[in-house]
K.L.:
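One structure, pasted below without further comment.
Note on naming: letters A, B, ... go to the chains in the order of the sequence lines (proteins, then strands), and numbering restarts at 1 for each one.
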2 protein chains.
Amino acid sequence: MAARPTRKTSKSSDKVGVICRALRRAIIEQALEPGAKLPEDALGERFGVSRTIARHALGQLAGEGLVELRRNRIAVVATPSWQEARDAFDIRIELERLVVRQLAGKLTKSQIAELNAHVDAEDRARGGTDAVSIRLATEFHILLAQMTNSPILVRYVSEVAYRCCLTLSLYSRPHSSECAISEHRAIIAALAKGDEAKVMELMRHHLDSVANRALVAPVPQRGRDLLDILAPYADEVTGDRVVKLPKVGRSRP
Amino acid sequence: MAARPTRKTSKSSDKVGVICRALRRAIIEQALEPGAKLPEDALGERFGVSRTIARHALGQLAGEGLVELRRNRIAVVATPSWQEARDAFDIRIELERLVVRQLAGKLTKSQIAELNAHVDAEDRARGGTDAVSIRLATEFHILLAQMTNSPILVRYVSEVAYRCCLTLSLYSRPHSSECAISEHRAIIAALAKGDEAKVMELMRHHLDSVANRALVAPVPQRGRDLLDILAPYADEVTGDRVVKLPKVGRSRP
DNA sequence: AATACTCCAATTGCATGCACTTTCAGCGGA
DNA sequence: TCCGCTGAAAGTGCATGCAATTGGAGTATT
């Protein structure tokens, strides 16, 4: 009757959230490379919402460090420097050691089964693209974090893991997932056994080797980074530009 | 000279940022208690901007965990559960240990002077209100983080420190700043000496004792928490409400 | 040919308006 | 007296419109 004003409000539209998730995924699967432009109009049109919503979503992603938001300029997918990437991994190591410390010996049978199932999926995806492997590997770590039942920890682990994903697409050589997968299995085993010290060390080693495999060159400053290097200097100058950077072949002409 | 289109674009209005900072500060100084309502209209009017901007700012703060955003409802200052507070402190300990690990033995003379000056300020503020003491103590930790030159670390330490501030106002007994201040001094000394292990242990002990002083009761579930406890249950039911919570004396009538 | 200038299209910054949802005071029935 | 109902007020969700800024192609100048 007229007495039921909202029939299925539970469908909480949450358009901003939807767009955030979509963009996040697109970014970590490298469908959107670092530096890719994200105009509000285009996003809005693509997702069937107004600029307002797209804008709001970009704001959230900027808060997570996945998107760079410069005033009056088109938003772009973040391009972390090599040092920032290293910092992100350092933080991630500590956070995820905390995760496994809290989890060691406390997992239920069904949780362990769930973890194993996920790694099986990773295994199955080995034939597919790198992007999918990387996403699945990342989701394994997020799954672990979720099992702590600590929303804050989940948030931070997710964020920093996504950031690390982003850097993989920048600095990584072709991803080799074999070792990552076996290390995931080792971590599950140690968690089940409840060996806290062991699993913390395993996690450190795992993430450290991922980082070292990813961040190959100490500070190579490849290609288009030149633009970003000069950006802060140019921004310092308030009114007029210093040099008009000659053509350096932007990501793609 | 009509050729100078932008005279001082550096005045980047950044209204959203201004509001965020203002609200953040109001929250950590307990001018806005947990649970306080934050209607978009009111904020917009207060800061001389439109609802759009206020809304955007609330979105950012929600991302930082300082504000709770429920669909179609007025935003409120976040009310972390006791467990979330404990989790936040655990994360904070690990992050700040990372900070001092990176900083040990690497501080310049002027940086050490800056830290000492800050603690002096904390000392001077001992006569003032708790709110200011807490804010200064928190800012000491953020200052440390900034000296790592790692934007990511700064962001996470700041966020989690603000969250902890929030919990202090919920669960803390009257703040006694003496020991905190002396511990800050001890940390500076150990940093200057470059004793990495020592300073990491100092930081752990410092934050742990702050947490223990703050989170006194294991899980007392005081007063208005009742509402929050029942909230998820009520939300599960889509259409109609289960019970109409009787008067429980909301924050203030 | 290379550089500087100008102007227009593209895009963001922000406010406002409308539809929908929640809240709550007031009213009527048990 | 207590409970449930109802309608208006308050508040959010979102789209759209306008002003301001930026980027860059085209033109003028050396």
Side-chain angles (χ1 to χ4, degrees), chain A residues 1-19 37-45 47-60 62 67-76 227 231 234-235 238-247 250 253, chain B residues 1-19 37-60 62 67-76 227 231 234-235 237-247 250 253:
Chain A
M1 307 283 293
R4 287 271 292 284
T6 68
R7 212 177 23 195
K8 282 186 74 172
T9 311
S10 57
K11 255 287 157 289
S12 57
S13 23
D14 188 19
K15 309 202 185 194
V16 174
V18 172
I19 298 184
K37 292 180 183 176
L38 302 169
E40 298 174 358
D41 291 328
L43 294 179
E45 191 177 356
F47 290 104
V49 297
S50 81
R51 272 200 319 123
T52 309
I53 306 304
R55 182 182 183 75
H56 205 85
L58 287 174
Q60 297 296 315
V67 160
E68 218 164 302
L69 226 47
R70 293 112 87 218
R71 188 176 178 79
N72 280 321
R73 279 195 192 67
I74 301 180
V76 295
L227 291 167
D235 282 350
T238 54
D240 25 35
R241 46 189 116 269
V242 202
V243 289
K244 188 166 208 165
L245 292 172
K247 312 255 170 156
R250 261 197 135 70
Chain B
M1 301 264 294
R4 286 274 290 285
T6 68
R7 212 177 24 197
K8 282 186 75 170
T9 311
S10 58
K11 254 288 160 287
S12 58
S13 25
D14 189 18
K15 309 203 185 192
V16 174
V18 172
I19 298 183
K37 293 180 183 176
L38 303 169
E40 299 174 357
D41 292 328
L43 294 179
E45 191 177 356
R46 183 67 189 79
F47 290 104
V49 297
S50 81
R51 271 200 321 121
T52 309
I53 306 302
R55 182 184 183 73
H56 206 83
L58 286 175
Q60 297 296 315
V67 160
E68 218 163 304
L69 225 47
R70 292 113 86 218
R71 188 174 179 79
N72 280 320
R73 280 195 193 68
I74 301 180
V76 295
L227 291 168
D235 281 349
V237 185
T238 55
D240 26 33
R241 49 187 112 270
V242 202
V243 289
K244 187 163 208 164
L245 292 173
K247 312 255 171 155
R250 260 197 136 70

K.L.:
In whole angstrom, give the distance that lies between atom CD of B:Glu68 and atom C1' of D:dT12.
P.N.:
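Spelled out: CD on B:Glu68 to C1' on D:dT12 is 16 Å.
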
K.L.:
Does B:Ala75 have any side-chain contact (heavy atoms from CB on, under 4.5 Å) partners at least two apart in sequence or in another chain, and if so, which?
P.N.:
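side-chain contact (heavy atoms from CB on, under 4.5 Å) check on B:Ala75 returns B:Leu38, B:Leu58, B:Val67, B:Leu69.
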
K.L.:
With sequence neighbours excluded, what pairs up with B:Arg51 under the salt bridge (Lys or Arg N to Asp or Glu O under 4.0 Å) test?
P.N.:
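Here the qualifying residues are B:Glu40, B:Asp41.
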
K.L.:
Run the side chain to side chain contact (heavy atoms under 4.5 Å, CB included) check on A:Leu43 and A:Arg55 step by step: do they pass?
P.N.:
CA-CA 9 Å; A:Leu43 294 179; A:Arg55 182 182 183 75; over 6 Å; no

K.L.:
B:Gly44 and B:Ala54: which non-hydrogen atoms are nearest, and at how many Å?
P.N.:
N-CB, 3.9 Å

K.L.:
Please give, in whole Å, the distance from C:dC24 C1' to B:Lys37 NZ?
P.N.:
10 Å

K.L.:
Which letter, B, S or -, goes with each nucleotide of nucleotides 10-17 of chain C from 5' to 3', with contact meaning a protein heavy atom under 4.0 Å?
P.N.:
-SBBBBBB

K.L.:
Could you list the residues that satisfy side-chain contact (heavy atoms from CB on, under 4.5 Å) with B:Val49, not counting sequence neighbours?
P.N.:
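Listed in chain order: B:Lys15, B:Ile19, B:Phe47, B:Ile53.
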
